[in-house]
Protein chains: 2
Amino acid sequence: MELRHLRYFVAVAEELHFGRAATRLRIAQPPLSRQIRDLEREIGTPLFERVPRGVELTAAGSAFLPEARLTLAQAERAQRSAQRAAGGETGRLRVGFVEAATHSGILPDVLGFFRQHLPSVGLSLFELDPVRQADAFRDGRIDLGILHGPPLDADRWLRVETIYTEPVVLAVPRSHRLAGRVRFTLGGLATESFVMFPRAVAPAMYDDLVARCRSAGFSPRIVQEAAGWHTLVSLVGAGVGLGFVPRSLTTAQQHGAAYRTMRDLSVHMTLAAAWKSGERSPVRERFVMALRAVAGARSR
Amino acid sequence: MELRHLRYFVAVAEELHFGRAATRLRIAQPPLSRQIRDLEREIGTPLFERVPRGVELTAAGSAFLPEARLTLAQAERAQRSAQRAAGGETGRLRVGFVEAATHSGILPDVLGFFRQHLPSVGLSLFELDPVRQADAFRDGRIDLGILHGPPLDADRWLRVETIYTEPVVLAVPRSHRLAGRVRFTLGGLATESFVMFPRAVAPAMYDDLVARCRSAGFSPRIVQEAAGWHTLVSLVGAGVGLGFVPRSLTTAQQHGAAYRTMRDLSVHMTLAAAWKSGERSPVRERFVMALRAVAGARSR
DNA sequence: GCCCGCGATACCTTTCGGGTCTGGCCTGAT
DNA sequence: ATCAGGCCAGACCCGAAAGGTATCGCGGGC
């Protein structure tokens with residue numbers, strides 16, 4: 001039995017007339033008769049009763065008709081389902097992301113976009129630092145990562161695409177002797193203590209900051225490491241030292257800490273999307289497109 | 001798209017290997033490759049990703065697989081559904097029947113049989129006298145009738161098959177002067193009054209009774225007609241006259257009336273099944289078979 | 001009785017499913 | 001590095017089966 005038999009059967013059952021059904025199917029009447037005969041033979045029972053003015057459905061035919069229609073509809077469903085999946089309109093995506101993806105507003109915006117335009121995509125979200133993201137990729141636990149740049153050990157098996165950049169600002173304890181000052185330069189910070197994020201979190205940004213300090217004539221004295229921006233800022237607020245943080249953190253005010261833009265510090269925090277190279281995933285492609293669009297809108 | 005494509009696709013998706021799938025499908029590998037390619041082309045997207053050790057499902061393929069399985073299962077369902085209907089195991093039957101079908105036990109037995117062995121057959125029951133049954137046949141409101149024989153105007157458009165016969169007995173008012181007697185003969189009833197059913201209810205039986213009376217030398221004096229056996233018996237019980245009734249009625253005792261077997265009255269009530277000739281209906285055939293079986297068991 | 005409508009049959013053409021052989025590519029072993 | 005083996009795809013052929021045309025048989029209605 002093939003879908004052709006079902007299509008032909010439904011046509012005849014609807015027309016109750018081989019000639020008209022054949023016309024509708026754009027074939028001649030004899031082949032149609034033959035296909036129906038073959039179908040009846042395979043099922044093992046007549047589906048039509050031949051009467052002078054045309055045909056009538058037998059009991060078997062009447063029972064077969066709705067089921068045949070369902071089968072044809074299900075075949076269509078199958079096809080559309082594959083097409084939707086290929087277009088990234090359906091499926092599942094597991095996303096690992098760093099904290100900054102949230103407070104920069106990038107990730108919330110993308111989630112909103114998906115919920116509105118691609119509601120049948122299932123998204124699983126995991127807040128993971130870049131090291132854990134690399135592990136998760138290796139274990140196949142996530143399909144996409146949002147992090148600050150290529151992980152330390154990412155060679156060629158991970159594709160990384162920069163999505164978004166944001167200036168870095170200085171977090172200063174309100175109790176600090178410099179807290180009242182408005183204009184900061186790197187050169188004036190040579191003797192200060194710093195709270196810094198672990199290098200593995202954002203190697204490029206870390207190296208960039210250290211290099212700037214070096215060209216300003218000093219090596220930053222790092223008195224404390226802090227994983228997580230909010231933790232870092234609260235340590236700054238407690239007076240442990242100064243800290244470099246992405247600008248979007250300033251919207252989350254922390255009493256005890258103030259933020260200052262530095263004229264001569266053109267270091268940026270970057271957010272990048274990463275995925276295993278060589279794997280095709282329409283949903284992931286949609287997600288990256290959405291990331292680009294959202295980040296573009298935020299940058300403007 | 002044909003079911004063949006789906007069958008092939010499922011095989012490859014399960015084996016993740018064209019060669020093994022082809023073996024399972026008992027075809028060679030190249031034709032299988034071609035069918036899959038055609039399917040992918042028709043759907044408009046690759047369903048498999050070709051990798052060194054075989055193939056993997058793409059997102060589209062993963063979405064397609066369960067739907068393809070459903071389609072194949074639905075096609076099977078359709079076929080079985082037609083076969084079951086052809087075998088009379090499913091469908092609907094509208095049955096008209098006379099009162100005697102119930103109290104003879106024939107109809108209840110058949111209903112029990114259907115409920116037990118053919119539970120997915122829907123039965124609609126209508127108690128109709130033979131005249132109304134003929135009308136119902138003409139209007140297409142019933143598919144099968146159980147009555148006492150061919151209706152008065154049934155020529156060739158109704159097939160009638162006798163199912164069951166039952167002796168006729170005499171109902172006597174307990175107040176009647178003959179109530180004490182045990183042995184009755186027709187000849188002794190020449191001067192009696194009778195309560196009789198309308199001839200249209202059972203023409204053959206009616207004519208038979210009248211003919212027997214005639215050969216016994218008298219024409220029965222019918223003082224009352226009564227449609228419905230129970231009504232007739234209650235009239236007998238009220239002393240209106242004697243009555244002829246099928247023997248199975250004696251199980252439904254009516255105070256005021258007694259039943260007597262007559263040695264020389266070999267008239268029988270018959271129950272017959274009737275249906276429009278020329279119409280095939282597996283369910284109806286099953287029903288008639290059940291009627292025959294049940295009646296045969298009762299006659300023994 | 002004759003004609004008309006409809007499905008079935010006979011027979012031919014064409015399409016396409018399936019077979020075999022072979023090529024290209026990747027991988028893993030030597 | 002090279003070679004062998006495994007796997008899918010392409011080329012090409014054959015036969016089955018789908019589809020076309022012509023015609024027949026059979027009821028029903030004039």
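Because the structure is predicted, anything quoted here is derived from the model rather than measured. Letters go in sequence order (proteins before strands), and every chain restarts at 1.
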Task: Integer-rounded Å distance: dT15(C) P and Glu2(B) CD - done: 17 Å
TODO: Do nucleotides 8-17 of chain D as a string where each nucleotide becomes B, S or -: B if the base has a protein heavy atom under 4.0 Å, S if just the sugar-phosphate does, - if no protein is that close.
DONE: BBB-------
Open item on the list: Rounded to whole Å, please give me the gap between CD in Glu15(A) and P in dC6(C).
Closed with: 12 Å
- [ ] To the nearest Å, give me how far apart CG (Asp38(B)) and P (dT15(C)) are.
- [x] 15 Å
Task: Ring centers of Tyr206(B), Phe197(B) separated by less than 6.0 Å - done: yes
Task: Heavy-atom side-chain contact between Arg132(B) and Phe126(B) under 4.5 Å - done: no
Task: Main-chain N/O of Ser81(B) paired with Glu67(A) side-chain donor or acceptor, under 3.5 Å - done: no
Task: Interatomic distance where CD1 belongs to Ile27(A) and P belongs to dT14(C) [whole Å] - done: 18 Å
- [ ] Would you kindly give the CZ-to-P distance between Arg7(B) and dG17(C), to the nearest whole Å?
- [x] 13 Å
Open item on the list: If we ignore hydrogens and angles and just use 3.5 Å, is the side chain of Thr58(B) paired with the main-chain N or O of Leu47(B) as donor and acceptor?
Closed with: yes
- [ ] Quickly work out the Glu42(A) CD to dA18(D) P distance and round it to whole Å.
- [x] 11 Å
Open item on the list: If you count heavy atoms of other groups shown closer than 6.0 angstrom to CZ of Arg77(B), is the number above 12?
Closed with: no
Open item on the list: I'd like to know if the side chain of Asp143(A) reaches the main chain of Arg94(A), judged simply by a donor and an acceptor atom lying under 3.5 Å from each other, with no hydrogens or angles considered.
Closed with: yes
Open item on the list: Need one value for Phe48(A): base, sugar-phosphate or nothing, where a base atom within 4.0 Å counts as base even if backbone is also close, heavy atoms only.
Closed with: nothing
Open item on the list: From OH of Tyr8(A) over to C1' of dG7(C), roughly how many Å is that when rounded to an integer?
Closed with: 17 Å
TODO: Send over the distance from Glu56(B) CD to dC7(D) P, rounded to a whole Å.
DONE: 15 Å
